[in-house]
Amino acid sequence: MTTEPIYLDHQATTPMDERVLQAMLPYLTREYGNPSSPHVFGQAAARAVRTARRRVADLVGARNELEIVFTSGATEADHLAIVGTALAARPHGGHVVTTAIEHKAVLAACRRLVDHHGYTATRVAVDRHGRVRPEDIAAVLTPHTVLVSVMHANNEIGTLQRLAAIAGITAPRGIVLHTDAAQSAGHGLLDVTELGVDLASLSAHKLHGPKGIGALYIRRGLRVTALQTGGGQERGLRAGTPNVPAIVGFGAAAHLITLGAIPPPPRVRALRDRLQGRLLTEIPGATVNGHPHRRLPGNLSLTLPGIEAADLLDRVRGIAASTGSACDTGSGEPSHVLTAIGLTRAQARATLRLSVGRTSTDTDIDQAADLLARAAHTMAPAPARSA
Ligand SMILES: Cc1ncc(COP(=O)(O)O)c(C=O)c1O
C-alpha cells in the first residue's frame, strides 16, 4: 500500500472542497442553459452566475457585484487589468509601474505593453523582506504614468504589501492601482474598498474552488479595454460563453470562506509556526525568507545552506512541496523573487517553499518536520575542520 505524500503546496493550488463540487454538479448536467438565453434554461444559469458574482464580490469587499468580471483565472485577469487599463488610458500617458517580485503573468503583461504597444515600464525594487516602499513607488511616477501594479501577497515568500499606503499615492494623482490578489483573497485579507485598489486579480483554485476560473475586480466607472471581444458577455469585457459550473464553484468556495465554513487562517498560521519552529531548531543555518510578520499565514520559504532544495525534495518523496528556485518550470534560472530580495543564486537553489493550508493537520506538520530534518542532516555539507 502506498501512502499519499503530505501536501504542503497550498500556494500552488488547493484541494477543491467537496461542497464546492456538490454545488457545481447540477450545472454540469441538468442545468445546462446558456446564461445569455432568454428561456427558462438560460435564466436558471443566469441566476446562478448572478449569485456567484455576488458571493465573489462579498469575499473581496466589492460594493457592487457588477464590479466582478469572470475570467479563466488570475493570469487572464492580470492581462485584462494591465493591458486593458493601459490601452484605455493611452491618451493620458504610456508609462506603467510594477515591482521586481510580481508573478510572471504581471511581468509578461507589462512586457507586452512595452514590446507591442510602445509603453515604458518601471520595475521598483523591494527590500530584503520583499516589501516595496510606497515612497519608492512615488519616486518613479511621472506625469505619463497611468497604472501601478503591486501584488497583495507574494506567491513564493508570502510577503504582504502596504497597498493602502500605495493607494494613498496613486489615487490623488489619478493613477490606476492594480493588485494581483490570487494568493491573499482566500485568507480573508483582501478588502478592495478598504485598501483602495481599483483592480484586483483573483483565482478560484487558490481558495478551494475549481481550476480554470478567476475574476477581475474592476472599480465601478474605471475604463478598461476588452482584450477578448465577440459576443459581449461580461459587460463586453470578456467575450465567450461563461463557464457556468466553474463560476458556480468559485462562488461556492467564496461563500464558504466568507461564512468561515472552511477552517480559518489562525489554525493555518499556528501549524505554519510550528513547522517553522521545528525546522529552524533542527536544521542548523536554516533561514526564513519573507517578512517575519506581514506574510501569508501558511507560507514558509526556507533557505537551507549547502543543500539543493530540488535534491532534497527528490529524496523526501513523502512530501509534496516546491522549490523556491524552480517555479519557472524548466527555465533553470533561479527565482526572480529570491534574487530580488538579495539571495545569491546558490541560496535561491537552496530554497524550499512549504505552504500549509486549511486541510493540513498536526500529524502532517510533525511528520513533515521529521522527514525534512532527517533528510537535511544526511545531505548537509560536512562542517569545515579547524586546523
Ligand atoms: C500571485 C499569482 N498570480 C497569478 C497566478 C496565476 O493564477 P491562475 O492559475 O489562476 O492563472 C498565480 C498562481 O500561480 C499566483 O500565485
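Indexing begins at 1, ligand by ligand and atom by atom, following the structure's order. We use all heavy atoms of the structure for the numbers below, so side chains are in, but hydrogens, waters and symmetry mates are not.
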- Task: Report the part of Gln11 (side chain from C-beta onward, or backbone N, CA, C, O) that has a heavy atom under 4.0 Å from ligand 1; answer both or neither where that applies.
- Result: neither

- Item | N or O contact, Ala74 vs ligand 1, cut-off under 3.5 Å | yes

- Message: Is a donor from one side chain sitting under 3.5 angstrom from an acceptor on the other, for Thr71 and Arg238?
- Response: no

- Message: Whether the Thr179 and His152 side chains hold a donor-acceptor pair (N or O, under 3.5 Å, no angle test) is what I'd like checked.
- Response: no

- Message: Whether Arg90 engages the ring of Tyr119 as a cation-pi pair (distance to the six-membered ring centre under 6.0 angstrom, angle to the ring normal within 45°) should be assessed.
- Response: yes

- Any chance the rings of Phe41 and Tyr32 have centres within less than 6.0 Å? yes

- Under 4.0 Å from any heavy atom of Gly73, which atoms of ligand 1 are there? 10 (O)

- Message: Could you tell me, atom by atom, which parts of ligand 1 come under 4.0 Å of a heavy atom of Met151?
- Response: 1 (C)

- Task: Check the side chains of Asp180 and Ser201 for a donor-acceptor pair under 3.5 angstrom, ignoring hydrogens and angles.
- Result: no

- Message: I'd like to know whether Arg63 forms a side chain to side chain contact (heavy atoms under 4.5 Å, CB included) with Glu67, so could you lay out the CA-CA distance, the side-chain angles of the two residues, the decisive distance to 0.1 Å, and finally the verdict.
- Response: CA-CA 8 Å; Arg63 289 213 176 95; Glu67 294 177 315; 4.1 Å; yes

- Contact region, Lys206 to ligand 1, non-hydrogen atoms below 4.0 Å, reads side chain

- Could you tell me which atoms of ligand 1, counted from 1 in the order shown, lie closer than 4.0 angstrom to a heavy atom of Asp180? 1 (C), 2 (C), 3 (N), 4 (C)

- Task: Please work out which of Glu156, Glu76, Gln183 has its closest non-hydrogen atom nearest to atom 16 (O) of ligand 1.
- Result: Gln183

- Task: Any atoms of ligand 1 less than 4.0 Å from a non-hydrogen atom of Ser203? List them with their elements.
- Result: 8 (P), 10 (O)

- Query: Who gets closest to atom 15 (C) of ligand 1 by heavy atom: His152, His205, Lys104, His103?
  - Reply: His103

- Task: May I ask you to list the atoms of ligand 1 that are less than 4.0 angstrom from any heavy atom of Thr75?
- Result: 6 (C), 7 (O), 8 (P), 11 (O)

- Does one side chain, of Thr13 or Lys206, offer a donor that lies under 3.5 Å from an acceptor on the other? no

- Quick one: do the Thr14 and His205 side chains pair a donor with an acceptor below 3.5 Å? no

- Pick one of side chain, backbone, both or neither for how Asn155 approaches ligand 1, counting any non-hydrogen atom pair under 4.0 Å. side chain

- Message: Regarding Asn154 and Gln183, do their side chains bring together a donor and an acceptor under 3.5 Å, going by distance alone?
- Response: no

- Contact region, Ala105 to ligand 1, non-hydrogen atoms below 4.0 Å, reads neither

- Item | Sub-4.0 Å atoms of ligand 1 with respect to non-hydrogen atoms of Ala182 | 2 (C), 3 (N), 15 (C)

